[in-house]
2 protein chains.
Amino acid sequence: MNKDNPRHEVFGAMQSFGVNSVMFRNAIGKKLGLNITDIGCLNYMLIKTKSTPGELSRYTGLTSGATTSMLDRLEKLKFIRRLPNLKDRRGTMIELLPEARSMILPFLAGAQAAQQELLKEFSDDDLEIVTRFVNGFSKSIQDQADQIDL
Amino acid sequence: MNKDNPRHEVFGAMQSFGVNSVMFRNAIGKKLGLNITDIGCLNYMLIKTKSTPGELSRYTGLTSGATTSMLDRLEKLKFIRRLPNLKDRRGTMIELLPEARSMILPFLAGAQAAQQELLKEFSDDDLEIVTRFVNGFSKSIQDQADQIDL
DNA sequence: CTGTATTATCAAGATACTTGATATTCAAGA
DNA sequence: TCTTGAATATCAAGTATCTTGATAATACAG
């Protein structure tokens with residue numbers, strides 16, 4: 001394992017990104033007066049828009065009981081709402097409310113602007129390479145997570 | 001904002017990676033019988049090897065009091081140890097114990113193997129592009145996090 | 001249909017977190 | 001040097017959150 005080999009720097013970059021992502025959402029959570037669990041859930045909802053308690057339970061690592069009370073908090077705060085799940089009458093659909101989205105987006109604006117600038121430094125071919133790598137890397141840890149859960 | 005534009009797929013890939021990272025470390029934490037906070041801390045320590053309570057407090061989003069008791073737990077479980085901070089006698093250095101590392105690494109092995117395979121599909125030039133993009137993206141959210149904290 | 005699994009919720013008890021106070025040390029300036 | 005204000009980590013008390021185990025409703029497989 002040669003650490004001077006540029007082929008290994010990319011792993012470090014991915015790790016740093018993971019760390020910075022966490023610190024980023026924690027910073028937003030603190031501003032909104034939310035605990036770490038709740039802002040983690042909202043971060044996920046911001047990406048997925050719709051989800052279910054079961055899925056959120058798997059993402060957050062919480063038990064189903066804790067997930068219920070997390071959703072109770074977020075519902076009371078008008079960040080999400082529960083809807084009937086038409087595909088499974090036992091279940092519930094969780095929806096991020098538009099007002100919640102507009103409450104969070106301002107915190108992302110600066111980063112998004114910087115990301116648009118970053119994009120200009122790369123060709124379409126470049127970005128195809130990046131996407132392919134990141135998706136591959138992402139899959140490697142997703143497969144491993146599934147393996148561990150089995 | 002054209003969603004069919006491949007220039008936007010790369011953002012989705014980064015988001016998915018962030019989500020998968022969280023689920024990955026939660027899966028490992030569950031196997032080790034650790035709570036979400038503690039596995040988050042260990043994940044960070046696995047990257048940094050050495051840290052301080054203050055730094056871990058900023059990463060986890062915990063207050064200093066909660067950080068102290070988190071470190072008490074991890075110290076009792078022999079995952080970390082506290083050492084005197086030679087550069088600041090108020091402070092403490094936190095060190096990941098080698099035994100802890102060897103306890104966690106087996107869970108990463110499968111993913112690391114897949115990542116080595118992935119690496120083969122990319123040239124050095126490709127990887128330089130990926131690294132540059134990921135670092136730039138990482139910086140965009142780090143800067144924004146700093147901005148929010150101020 | 002019948003039995004088993006899955007989904008989400010609830011209540012009680014266990015765990016972890018926040019707040020505010022404290023002691024120590026640092027860093028800057030008189 | 002000596003003083004002052006800030007930063008480090010810890011602790012104890014009170015609060016918030018989480019886990020566990022039980023429950024009801026529905027899905028799904030045989």
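Just so it is clear: chains get the letters A, B, ... in the order the sequence lines come, proteins before strands, and each one is counted from 1.
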Asker: Students often mix this up, so state it plainly: with edges at 30° and 60°, are the rings of B:F122 and A:F133 parallel, tilted or perpendicular?
Answerer: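 Perpendicular.
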Asker: Using atom CG of B:L86 as one end and atom C1' of C:dT25 as the other, report the distance to the nearest whole Å.
Answerer: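 The distance from CG of B:L86 to C1' of C:dT25 comes to 14 Å, rounded to the nearest Å.
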Asker: Roughly how bent is the helix from C:dC1-D:dG30 to C:dA30-D:dT1 end to end, in steps of 10 degrees, with each end axis from five pairs?
Answerer: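 The value is 50°.
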Asker: For C:dT24 and B:R89 - does any side-chain N or O of the residue sit under 4.0 Å from the phosphate oxygens OP1/OP2?
Answerer: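 It does not, given that no N or O in the side chain of B:R89 lies less than 4.0 Å from OP1 or OP2 of C:dT24.
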Asker: Remember a base hit wins even if backbone is also touched, and classify A:N85 as base, sugar-phosphate or nothing at under 4.0 Å, heavy atoms.
Answerer: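 The residue A:N85 makes no contact with any strand.
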Asker: Would A:F24 and A:N43 count as a side-chain contact (heavy atoms from CB on, under 4.5 Å) here? Give the steps.
Answerer: CA-CA 10 Å; A:F24 184 35; A:N43 175 53; over 6 Å; no
Asker: Among residues 75-82 of chain B, which contact DNA chain D at a heavy-atom distance under 4.0 Å?
Answerer: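 Only B:R82 qualify.
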Asker: Below 4.0 angstrom, which residues in residues 24-50 of chain A have at least one non-hydrogen atom near DNA chain D?
Answerer: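 Heavy-atom cutoff 4.0 Å gives A:N35, A:T37.
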Asker: Could you pull out the closest heavy-atom pair between A:L71 and A:I80, with the gap in Å?
Answerer: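 Of all heavy-atom pairs spanning A:L71 and A:I80, the closest is O-CD1, 3.8 Å.
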Asker: Which of the following nucleotides, C:dA8, D:dA27, D:dT8, is nearest to the side chain of A:R90?
Answerer: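 Selected nucleotide (nearest to the side chain): D:dA27.
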Asker: Counting C-beta onward and ignoring hydrogens, is there a side-chain heavy-atom pair between A:I141 and B:S21 closer than 4.5 Å?
Answerer: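 Yes, close enough: below the 4.5 Å cut-off.
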Asker: I'd like to know if B:R58 and B:E55 make a salt bridge, using a cut-off of under 4.0 Å between side-chain N and carboxylate O.
Answerer: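 Not counted as a salt bridge, because no side-chain N and carboxylate O are separated by less than 4.0 Å.
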Asker: Are B:L119 and B:Q116 close enough that some pair of their side-chain heavy atoms sits under 4.5 Å apart?
Answerer: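 Contact flag for B:L119/B:Q116 side chains = yes.
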Asker: Report, one line per pair, each donor and acceptor closer than 3.5 Å where one atom sits in a side chain of residues 99-110 of chain B; sequence neighbours left out.
Answerer:
unit_1 : atom_1 : unit_2 : atom_2 : d
B:R101 : NH2    : B:T49  : OG1    : 3.3
B:S102 : OG     : B:P98  : O      : 2.8
B:S102 : OG     : B:E99  : O      : 3.4

Asker: Between C:dC17 atom P and A:R73 atom CZ, what is the distance in whole Å?
Answerer: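 Result: 13 Å.
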Asker: Any ring pair (Phe, Tyr, Trp, His ring centres under 6.0 Å) pairs touching residues 52-99 of chain B, not counting sequence neighbours?
Answerer: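 For residues 52-99 of chain B: B:Y44-B:Y59.
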Asker: Tell me: NZ of A:K87 to P of D:dT26, nearest whole Å?
Answerer: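 Those two atoms, NZ and P, are 19 Å apart.
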Asker: Side chains of B:N135 and B:T131: does their closest heavy-atom pair fall under 4.5 Å?
Answerer: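 In short, these two side chains touch, coming nearer than 4.5 Å.
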Asker: For A:D72 and D:dT17, give me the distance from atom CG to atom C1', rounded to whole Å.
Answerer: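 In whole Å, D:dT17 C1' and A:D72 CG are 12 Å from each other.
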Asker: Taking the side chain as every heavy atom from C-beta outward, state whether B:I148 and A:I28 have any atom pair closer than 4.5 Å.
Answerer: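 A side-chain contact exists here, since the closest heavy-atom pair is under 4.5 Å.
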Asker: Check whether any side-chain heavy atom of B:S51 sits under 4.5 Å from a side-chain heavy atom of B:M45, and report yes or no.
Answerer: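 With C-beta onward as the side chain, the pair touches.
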Asker: How are the rings of A:F17 and B:F17 set relative to one another: parallel (under 30°), tilted (30 to 60°) or perpendicular (over 60°)?
Answerer: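 Taking B:F17 first and then A:F17, their aromatic rings lie parallel (interplane angle under 30°).
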Asker: Do A:R25 and A:I36 come within less than 4.5 Å of each other through their side chains, counting heavy atoms only?
Answerer: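 Yes; the side chains approach each other to less than 4.5 Å.
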Asker: Could you identify which residues of residues 51-71 of chain A place a heavy atom less than 4.0 Å from some atom of DNA chain D, listed by residue number, or say none?
Answerer: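 Output list: A:L62, A:T63, A:G65, A:A66.
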